[in-house]
Amino acid sequence: DRRQKERVDARNEFENYAFSIKNTVNEASCSSSLSGEDKEKVVQSAQDAISWLDSNHEASTEEYKGRMSELQSVCNPIIQKMYQQTSDGGSAGAQGSSDGPKVEEVD
């Protein structure tokens, strides 16, 4: 059934986002650029989402999408700020060195 597949896909997408965002802010390289308050806000929001998922296995596609939008509205501004701070602080040293393959090495 198409609606069942859409519902499962929405749940999986929401669950993956919640775990991913929680793991991202818990990484040492990322967490150092977040304030304790921002990190706690993201972790708590992600944990609340995971708890909600655990107790709402049969929610509708719209409920999953709505909850994901709520989580994104809390987390995305904080994550964007984190990546902006990370790139501002780490880009100066990384610009001059590239460990990736050179054009000659690809052939």
Side-chain angles (χ1 to χ4, degrees):
D1 182 36
R2 185 182 58 80
R3 280 189 272 178
Q4 177 70 7
K5 181 185 180 322
E6 288 175 359
R7 189 181 69 75
V8 170
D9 287 346
R11 177 186 169 79
N12 289 341
E13 184 179 3
F14 180 36
E15 187 174 41
N16 288 337
Y17 180 78
F19 278 108
S20 175
I21 205 79
K22 184 178 173 186
N23 289 336
T24 297
V25 298
N26 283 327
E27 290 177 7
S29 61
C30 295
S31 65
S32 63
S33 59
L34 281 177
S35 70
E37 182 180 314
D38 282 348
K39 181 179 178 182
E40 181 60 33
K41 188 174 185 180
V42 170
V43 169
Q44 187 59 52
S45 296
Q47 191 58 50
D48 290 347
I50 294 165
S51 296
W52 183 86
L53 279 163
D54 287 343
S55 59
N56 290 282
H57 291 281
E58 298 301 320
S60 69
T61 302
E62 291 75 25
E63 286 177 292
Y64 289 132
K65 288 182 178 183
R67 289 287 184 148
M68 183 160 167
S69 292
E70 290 174 20
L71 182 60
Q72 287 174 327
S73 70
V74 170
C75 297
N76 283 354
I78 295 170
I79 297 301
Q80 287 173 348
K81 183 170 68 172
M82 178 189 74
Y83 282 127
Q84 190 173 34
Q85 290 173 350
T86 302
S87 67
D88 288 347
S91 64
Q95 287 175 346
S97 66
S98 174
D99 293 333
K102 308 276 185 283
V103 174
E104 300 83 20
E105 294 174 354
V106 173
D107 295 334

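All residue numbers refer to positions in the sequence shown, counting from 1.
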> Under the side chain to side chain contact (heavy atoms under 4.5 Å, CB included) test, which residues partner Asp1, sequence neighbours left out?
Arg3, Gln4
> Heavy atoms, side chains only, cut-off 4.5 Å: are Gln72 and Ile21 in contact?
no
> Any heavy-atom pair between the side chains of Gln47 and Ser51 that's under 4.5 Å?
yes
> With a 4.5 Å cut-off on side-chain heavy-atom distances among I, L, V, M, F, W and Y, is there a chain of contacts connecting Val43 to Tyr83?
yes
> Kindly compute the distance separating NZ (Lys41) from OG (Ser35), expressed to the nearest 0.5 Å.
9.5 Å
> What I'd like to find out is whether the side chain of Trp52 reaches to under 4.5 Å of the side chain of Phe14, using heavy atoms alone.
yes
> For side chain to side chain donor-acceptor pair (under 3.5 Å), just list the numbers for Asn23 and Glu27, CA-CA rounded to whole Å, side-chain angles, deciding distance to a tenth of an Å, and then say yes or no.
CA-CA 6 Å; Asn23 289 336; Glu27 290 177 7; over 6 Å; no
> Could you tell me which non-hydrogen atom of Tyr64 sits nearest to which non-hydrogen atom of Asn56, and how far apart they are?
OH-O, 3.0 Å
> Would you say that Ile78 contacts Lys39 through its side chain, given a criterion of any heavy-atom pair below 4.5 Å between the two side chains?
no
> Decide yes or no for Asn12 and Tyr17: does some side-chain heavy atom of the first lie under 4.5 Å from some side-chain heavy atom of the second?
no
> Keeping Asp38 on the side-chain end and Leu34 on the backbone end, is there a donor-acceptor pair under 3.5 Å?
no
> If two hydrophobic side chains count as joined below 4.5 Å and joins carry through other members, does Ile50 share a cluster with Val74?
no
> Check the hydrophobic clustering (I, L, V, M, F, W, Y; side-chain heavy atoms under 4.5 Å; chains of links allowed) and say if Leu53 and Met68 are grouped together.
yes
> Taking the side chain as everything from C-beta on, heavy atoms only, tell me whether Val25 gets closer than 4.5 Å to Ile79.
yes
> With sequence neighbours excluded, give me every salt bridge (charged side-chain N to carboxylate O under 4.0 Å, His left out) pair touching residues 5-25.
Arg2-Glu6, Lys5-Asp9, Arg7-Glu58
> Over all heavy atoms of both residues, which pair between Ala18 and Ala46 is shortest? Give the atoms and the distance, please.
O-CB, 3.6 Å
